[in-house]
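Proteins get letters first, then strands, A, B, ... in listed order; numbering begins at 1 in each.
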Number of protein chains: 2
Amino acid sequence: MQNQRKPTNLFEIIAETNRRHIIDLLRTRPRSVGEIVERSQLSQPGVSKHLRILREAGLVTTSKESQKHIYHLRAEPLKEIDHWLEPYRQYWSDRLDALEEFLDEEE
Amino acid sequence: MQNQRKPTNLFEIIAETNRRHIIDLLRTRPRSVGEIVERSQLSQPGVSKHLRILREAGLVTTSKESQKHIYHLRAEPLKEIDHWLEPYRQYWSDRLDALEEFLDEEE
DNA sequence: CTGTTATATTACCAAATAGTTATATGTCAT
DNA sequence: ATGACATATAACTATTTGGTAATATAACAG
């Protein structure tokens, strides 16, 4: 396999179910590692491993509250996924119908 | 009981760069396997392998033209990704107005 | 200091992944 | 029927992934 892969492919990062779950948890509010562990099926090191990946992908940031590490969601990088999806939305979208009409008129 | 569907996690399916590339190629128009091979970095069996995965995920359909197998895009399943993304969009676009979103992405 | 709590890192392993070559299958042309 | 063409499948393999247990690091409490 001579495949040169990017260090952080966002698509691969969100492909993992547990990571998506963590992201979803942080959407509610920032949370400590312990809180996330409680709400996941993973061991503490397992969670920390995923958090590291999310951190390096820029999807979370951290702050500290005494001994606790608080993880905050930073969703902006997900824009990349959204952007890739853009040209496909027309295949199912109903919410862009008005826009399509608008564009048809413009041409 | 053998009702075992393959757990086709759509996120994992589109996580692979070559598969996204194939999907993008089929957005232009339906294409034969050979055409896709020409436009990829993969061997023919490599492409066929990915096509099978896409087929089983319902992201492509096939038709035949003599000896050629023509692959057609079927984007609907991507809706799932789009749906997951939905609550995150507000983080990078304050207004969810469809036209504004579209114009932002056109830049 | 000492012990406790919270998190990160290390070392290891099983399973999954994605690639290859070789081969099978199916269709067309002669 | 035979050979060429188009694609799929099989068999194999290196790499990556995601999990765990054990351990390190760091901050707080007394």
Side-chain angles (χ1 to χ4, degrees), chain A residues 1-26 29-74, chain B residues 4-26 29-73:
Chain A
M1 269 196 277
Q2 36 105 15
N3 196 16
Q4 42 181 0
R5 58 175 62 245
K6 280 183 189 174
T8 54
N9 175 349
L10 215 28
F11 289 87
E12 284 175 7
I13 286 176
I14 67 155
E16 222 282 329
T17 307
N18 292 304
R19 283 196 289 266
R20 281 201 310 286
H21 185 224
I22 291 174
I23 291 174
D24 289 337
L25 285 175
L26 296 184
R29 64 167 172 280
R31 297 183 193 265
S32 70
V33 178
E35 274 186 280
I36 298 169
V37 172
E38 282 173 18
R39 289 166 176 76
S40 81
Q41 303 289 95
L42 300 174
S43 63
Q44 177 266 311
V47 167
S48 279
K49 220 169 163 182
H50 284 303
L51 286 174
R52 179 182 187 165
I53 290 168
L54 292 172
R55 209 184 325 122
E56 289 174 348
L59 277 165
V60 298
T61 58
T62 57
S63 60
K64 278 176 97 169
E65 237 176 61
S66 69
Q67 338 88 298
K68 297 195 179 177
H69 295 204
I70 310 295
Y71 279 79
H72 307 252
L73 177 64
R74 183 172 163 271
Chain B
Q4 45 199 356
R5 278 194 350 179
K6 262 191 188 173
T8 49
N9 175 351
L10 218 22
F11 289 86
E12 283 175 8
I13 286 176
I14 67 155
E16 221 284 328
T17 307
N18 292 304
R19 283 195 290 267
R20 281 201 310 286
H21 185 224
I22 292 174
I23 292 174
D24 288 338
L25 286 174
L26 296 182
R29 64 166 171 281
R31 297 184 192 265
S32 70
V33 178
E35 274 186 279
I36 297 169
V37 172
E38 283 173 18
R39 289 165 176 76
S40 81
Q41 303 288 95
L42 299 173
S43 64
Q44 175 266 311
V47 168
S48 279
K49 220 169 163 182
H50 284 304
L51 286 173
R52 180 180 187 167
I53 290 168
L54 292 172
R55 210 187 322 124
E56 289 174 348
L59 277 165
V60 299
T61 58
T62 57
S63 61
K64 277 176 99 170
E65 235 176 62
S66 68
Q67 338 88 299
K68 297 192 179 177
H69 295 204
I70 310 295
Y71 279 79
H72 307 251
L73 177 64

Among residues at least two apart in sequence or on other chains, which ones pass salt bridge (Lys or Arg N to Asp or Glu O under 4.0 Å) with B/Arg20?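 Salt bridge (Lys or Arg N to Asp or Glu O under 4.0 Å) list for B/Arg20, sorted by chain: empty.
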Examine distances only and state if a side-chain atom of A/Arg74 and a backbone atom of A/Leu59 form a donor-acceptor pair shorter than 3.5 Å.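 No: the side chain of A/Arg74 does not pair with the backbone of A/Leu59.
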[X] [atom1] to [N] [atom2], straight-line distance once rounded to whole Å:
X	N	atom1	atom2	answer
B/Leu51	C/dA18	CG	P	14 Å
A/Ile70	C/dA8	CD1	P	11 Å
B/Glu12	C/dA16	CD	C1'	9 Å
B/Lys68	D/dA8	NZ	P	13 Å
A/Phe11	C/dT17	CZ	C1'	19 Å
A/Asn18	D/dG19	CG	C1'	10 Å
A/Ile53	D/dG19	CD1	C1'	11 Å
A/Asn9	D/dT17	CG	P	10 Å

Pairs under 3.5 Å (N/O, protein and nucleotides 26-28 of chain C):
{"unit_1": "C/dT27", "atom_1": "OP1", "unit_2": "B/Lys64", "atom_2": "NZ", "d": "3.2"}

Partners meeting side chain to side chain contact (heavy atoms under 4.5 Å, CB included) with [X] (sequence neighbours left out):
X	value
A/Ser40	A/Leu42, A/Val47
A/Arg19	A/Ile13, A/Glu16, A/His50, A/Ile53, A/Leu54
A/Glu38	none

N/O (side chain, A/Tyr71) to phosphate O (OP1/OP2, C/dA6) under 4.0 Å: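 No, A/Tyr71 has no side-chain N/O under 4.0 Å of OP1/OP2 on C/dA6.
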Give a yes/no on whether any side-chain N or O of B/Arg19 is located under 4.0 angstrom from OP1 or OP2 of C/dA18.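 Checking C/dA18 against B/Arg19, a side-chain N or O does come within under 4.0 Å of OP1 or OP2.
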Which salt bridge (charged side-chain N to carboxylate O under 4.0 Å, His left out) pairs, counting each pair once, include a residue from residues 42-53 of chain A, with sequence neighbours left out?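 Sorted pair list: A/Arg52-A/Glu56.
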Residues touching DNA chain C, which here means a heavy atom under 4.0 Å, drawn from residues 42-50 of chain A: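 Going residue by residue through residues 42-50 of chain A, the ones with a heavy atom under 4.0 Å of DNA chain C turn out to be A/Gln44, A/Pro45, A/Ser48.
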So which nucleotide from D/dT9, C/dA8, D/dT7 ends up closest to the side chain of A/Arg55?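 In terms of side-chain proximity for A/Arg55, the closest of D/dT9, C/dA8, D/dT7 is C/dA8.
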Side chain to side chain contact (heavy atoms under 4.5 Å, CB included) evaluation trace for B/Arg39 with B/Arg31: CA-CA 11 Å; B/Arg39 289 165 176 76; B/Arg31 297 184 192 265; 3.3 Å; yes
Results of side-chain hydrogen bond (donor to acceptor under 3.5 Å, both in side chains) for A/Arg55 - residues two or more places apart only: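 side-chain hydrogen bond (donor to acceptor under 3.5 Å, both in side chains) list for A/Arg55, sorted by chain: A/Tyr71.
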Scan for side-chain hydrogen bond (donor to acceptor under 3.5 Å, both in side chains) pairs involving residues 60-70 of chain A, sequence neighbours excluded, and state none if there are none.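 Only A/Ser63-A/His72 qualify under side-chain hydrogen bond (donor to acceptor under 3.5 Å, both in side chains).
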